[in-house]
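So the structure is just underneath, and the comments pick up after that.
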Amino acid sequence: MSHAPTAIDFRSNAQQVPPKMPAAVQKATAKFLGNRAALVEALGNDFWQVLRQAGHDIRLHSILHMDHYLEQAERAVTAAGGQVHWATDAAAACGIVLDIARRHGVRLAVKAKSMATEEIGLNHALEAAGIRVLETDLGEYIVQLKGMGPAHIVVPAFHLSKEEIADLFREKLGVDAQPEAEKLTQIARAKLREEFLAADLGISGGNFLIAETGTVITVTNEGNGRMCCTVPPVHVAVVGIDKVVPDWESLTVLLKLLARSATGQKLSCYTQFISGLPRASEETGPQEFHLVLVDNGRSRILRTPECRETLLCIRCGACLNICPVYNSVGGYTYGYPISGPTGAMFATQILGGAAAGALPFASTLCGACNDICPVKIPITDILLYLRHRVVEGDEQEGRAAPYPLKVGAQIGAAAMSTPWLYRVGSQLLKRLQAPLVSEGWIAKLPPPLNRWTMSRPFPAFAADFRRWWRSRRA
Amino acid sequence: MAIKAQLFITCLAEQFFPGVLTGMVGLLERLGVQVAFPEAQTCCGQPFFNSGYRDQAREMAAKWLEVFGSSDGYIVSPSGSCVDMVRHHYLTLFPEGTPERRRAEATAARTLEFTEFLVRVLKVTDVGAAFPHKVTYHASCHLLRGLGVREEPKALLRQVQGLTLVPLTSEETCCGFGGTFSVIYPEVSKAMMETKVRSIVESGAEVVVACDGGCLMNIAGGLRQAGSPIRAMHLIEVLAAGRGAS
């Protein structure tokens, strides 16, 4: 089921973050957060909280009745001339798209930005079958040229400077690129235009799937997404089953929340509604439309009450932007295309604790993500639950953390909850530390606390209150 | 009848900040509160809960509830983080409908962080303190977002004679402590701590105040590492600096 067999080593990845990365990330996230804050203020915080609650309730209702709404969506898509496919896991989803591609003799597929296809590793599967896959979202195009994945779920290449992108274009495209945003965009636009016209297949994701009309909604800021869905003769939309919402009224609330939270826009430049095939009266558009509905572990998330709200996520990226951990390490450190707090929550469940057990611990539990989430996902509560699942295991996964840790926790808990042992221990530590203490601080400690003292001294143990309390009462 | 407060001293404050605890007793008594100290208390279990060891955390929570559940009056603590553990996470440790759950709910309802207790229960913001220094305030995460205490600490600081409160850029951004996070991902913790220390230095303050031991040991250590003369203090230490005879 998992397509990431090796364990994600968050610490090692964090150690390899290029020195310039954090500042570039922080500059971009600050801009998005600033724009967002201004729009929230314009709406009024009270109304914003009403919207968040409504968004939460709509999304929760949607996933709790997912079976009903998905079947409704399937009927609507089929009635509108589209074909619906169900994929239980990543391999099945890739297989379905590959079959469609083979049937049409596809040589070039153009892609709109889609996290679901990143999740299932679609590009790799198509390329392995000899099909050229081209990302057409400007940010995705850039990171694809660089041989990387997205560093952020909304703005994949936001960590790269204009200079770096110009260098990349010169190297990979053989053009004379200047480090100016407009000129760089022109270069990409000219290159991509030829590819759109040559493509045999267009692939997109979907931000939402409206059950009542079977409409796939894509929310973008670039016309490329629309080109992918309309120019090639075949369009495949790969959509997670969690994306379904009941109706258009639901969508209006979610759209109000999405762009404001993501980029600090009232609405993105393009909001595309795709309901099956084009009507007979319309002349443009694909001749075939396929909707691939991907489960890939979502049903299991839904079955677990402690973490089912993971599926409420509308992938706005606000929790990445506000997260002090994400801002310190950037997206690649998470080792998964969906990064930040929401990625940690999602990847741990999709990949399993053995592969992604490092991720729920990659949080200080500061809770900034909970407060900014437009659909009120209790992210840190879910991360806490996942920490528990990683160290103590469950029926399906077993224990992911090494056994000695468990024994250590048992001994530690016993010592700390036995009053006399706790009191003797704290006095003993005061004695033992004596040779290490200078001016109330300990400069170097043995493992594992050397990981603390490598960055700052540790305060000296100083338990004295109980003696003071007793002497005072005597 | 005097208001009663049971001291929930927390393991971190007990081990590293005895002055905060004696200061808390002094302040509460000065405000006419009848203070008691349940001596059988140890740790609320948060380190285990946050590390994923829920069985251990549950045992410790049960003991904590045994110690404090039978006490009367308010339970007052110098740590927003530990109060957040009791108020919110204890509920997830005990299933609904069990006697432990009922006890957890009843006990949590009268467990308050120190500034919450002063401002919301005692309705006091001026405790008669004097502290003639330039001070900036770091909002501890669990106090701010866990308990929703944003203005109370600053309201208390504003009433301190001689104290100048200067703003801190990114006041509400985590300092990078995160409990075991600081040793699981030390490089990330360090980066966050250094960002926090930089903004404290830029604030021009002589003293940075916070309301949680974890943040304080991280920030104070970071300031010392940076060779900065700025002191990191618990709010209680500032409030305990009296106006002479009172």
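So you know, we letter chains A, B, ... as the sequences are listed, proteins then strands, and number each from 1. Any value given below was found using the heavy atoms of this structure, including those in side chains, with hydrogens, waters and symmetry copies removed.
- When heavy atoms are compared at a cutoff of 4.5 Å, A:Arg470 approaches chain B solely by way of its side chain, counted from C-beta outward.
- Here A:Trp452 is the residue among A:Tyr385, A:Trp420, A:Trp452 with the most heavy-atom pairs under 4.5 Å with chain B.
- In this structure, CE on B:Met60 lies 8.5 Å from OG1 on A:Thr418, to the nearest 0.5 angstrom.
- Comparing B:Pro18, B:Gly222, B:Gly19 by how many heavy-atom pairs each has under 4.5 Å with chain A, the most go to B:Pro18.
- Residue A:Ala362 touches chain B through both its backbone and its side chain, counting heavy-atom pairs closer than 4.5 Å.
- Looking at A:Ser426, the atoms closer than 4.5 Å to chain B (heavy atoms on both sides) sit in the backbone and in the side chain alike.
- Comparing B:Ala220, B:Gly45, B:Ala191, B:Ala226 by heavy-atom pairs within less than 4.5 Å of chain A, the highest count is held by B:Ala220.
- For B:Phe16 and A:Phe461, the distance between ring centers is under 6.0 angstrom.
- Among A:Met416, A:Arg466, A:Gln15, the residue with the largest count of heavy-atom pairs under 4.5 Å with chain B is A:Arg466.
- In this structure, A:Arg387 and B:Tyr53 have side chains that are not in contact, with every pair of non-hydrogen atoms separated by 4.5 Å or more.
- With values rounded to the nearest 0.5 angstrom, A:Thr364 atom OG1 is found 12.0 Å from B:Ile184 atom CD1.
- Contact count versus chain A (heavy atoms, under 4.5 Å) is highest, among B:Leu144, B:Thr173, B:Thr22, for B:Thr22.
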Checking side-chain contact (heavy atoms from CB on, under 4.5 Å) for the pair B:Met192/A:Val325: CA distance, chi angles, key distance, verdict? CA-CA 8 Å; B:Met192 290 166 64; A:Val325 173; 3.9 Å; yes

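- At a threshold of 4.5 Å between non-hydrogen side-chain atoms, the residues B:Leu7 and A:Phe465 count as touching.
- Of the listed residues (A:Pro22, A:Ala460, A:Pro457, A:Gly367), the greatest number of heavy-atom pairs within a distance under 4.5 Å of chain B belongs to A:Pro457.
- The residues B:Glu29 and A:Arg472 are annotated as salt-bridged, a charged nitrogen and a carboxylate oxygen being separated by less than 4.0 angstrom.
- Contact annotation for A:Ser363: only backbone heavy atoms (N, CA, C, O) come within less than 4.5 Å of a heavy atom of chain B.
- For the residue pair B:Glu14 and A:Tyr422, a side-chain donor N or O sits within less than 3.5 Å of a side-chain acceptor on the partner.
- B:Arg224 and A:Ser438 get closest at one heavy-atom pair: NH2-O, 4.2 Å.
- Of the two parts of B:Cys175, neither the backbone nor the side chain holds a non-hydrogen atom closer than 4.5 Å to a non-hydrogen atom of chain A.
- For the pair B:His142 (side chain) and A:Leu365 (backbone), a donor-acceptor distance under 3.5 Å is present.
- Of the two parts of B:Glu172, neither the backbone nor the side chain holds a non-hydrogen atom closer than 4.5 Å to a non-hydrogen atom of chain A.
- Only the side chain of A:Ala14 comes within less than 4.5 Å of a heavy atom of chain B; its backbone N, CA, C and O stay farther away.
- B:Tyr74 OH: 12 or fewer foreign heavy atoms inside a 6.0 Å radius.
- In this structure, chain A has a heavy atom under 4.5 Å from the side chain of B:Val25, while its backbone stays farther away.
- With a threshold of 4.5 angstrom between heavy atoms, B:Ile9 approaches chain A through side-chain atoms but not through N, CA, C or O.
- Here OG1 of B:Thr195 is found 9.0 Å from CG of A:Asn327. Values are rounded to the nearest 0.5 Å.
- Contact of the A:Pro419 side chain with the B:Glu39 side chain is not registered, since no non-hydrogen atoms from C-beta on lie closer than 4.5 Å.
- Residue B:Phe17: no heavy atom, backbone or side chain, is found under 4.5 Å from chain A.
- Listed options A:Lys430, A:Glu439, A:Glu306, A:Arg473 were ranked by heavy-atom pairs under 4.5 angstrom with chain B; first place goes to A:Glu439.
- Annotation for A:Ala409 and B:Gln56: closest pair O-CG, 3.7 Å, computed over non-hydrogen atoms.
- When side chains are defined from C-beta on, A:Trp469 counts as touching B:Val35, because their heavy atoms get closer than 4.5 Å.
- Separation of the B:Tyr185 and A:Phe361 ring centroids does not fall under the 6.0 Å cut-off.
- The contact between A:Phe10 and chain B is made by backbone and side chain atoms together, counting heavy-atom distances below 4.5 Å.
- Comparing B:Met193, B:Glu187, B:Glu194 by heavy-atom pairs within less than 4.5 Å of chain A, the highest count is held by B:Glu187.
- Of the listed residues (B:Gly52, B:Ser140, B:Ser51), the one with the most heavy-atom contacts under 4.5 Å to chain A is B:Gly52.
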Would A:Leu384 and B:His89 satisfy side-chain contact (heavy atoms from CB on, under 4.5 Å), going step by step from the backbone distance to the final call? CA-CA 10 Å; A:Leu384 278 165; B:His89 298 308; 3.6 Å; yes

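- In this structure, CD in B:Gln15 is found 7.0 Å from CG in A:Leu429, a value given to the nearest 0.5 Å.
- Counting only heavy atoms from C-beta outward, the side chains of A:Ser417 and B:Glu59 never approach each other to under 4.5 Å.
- With a 4.5 Å cut-off on side-chain heavy atoms, A:Val391 and B:Arg54 do not count as touching.
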Is there a side chain to side chain donor-acceptor pair (under 3.5 Å) between B:Arg145 and A:Asn370? Walk through the geometry before answering. CA-CA 9 Å; B:Arg145 285 177 284 264; A:Asn370 303 333; over 6 Å; no

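- Residue B:Met217 holds its CE atom at 3.5 Å from CZ of A:Phe458, rounded to the nearest 0.5 Å.
- In terms of heavy-atom pairs under 4.5 Å with chain B, the best-connected choice from A:Ala358, A:Ala414, A:Pro360 is A:Ala358.
- B:Asp55 has its side chain out of reach of A:Gln410: every pair of non-hydrogen atoms, C-beta onward, lies at least 4.5 Å apart.
- Both the backbone and the side chain of A:Pro459 come within contact range of chain B, each with at least one heavy atom under 4.5 Å from a heavy atom of that chain.
- When each of B:Ser170, B:Gly179, B:Ser189 is checked for heavy-atom pairs under 4.5 Å with chain A, B:Ser189 comes out on top.
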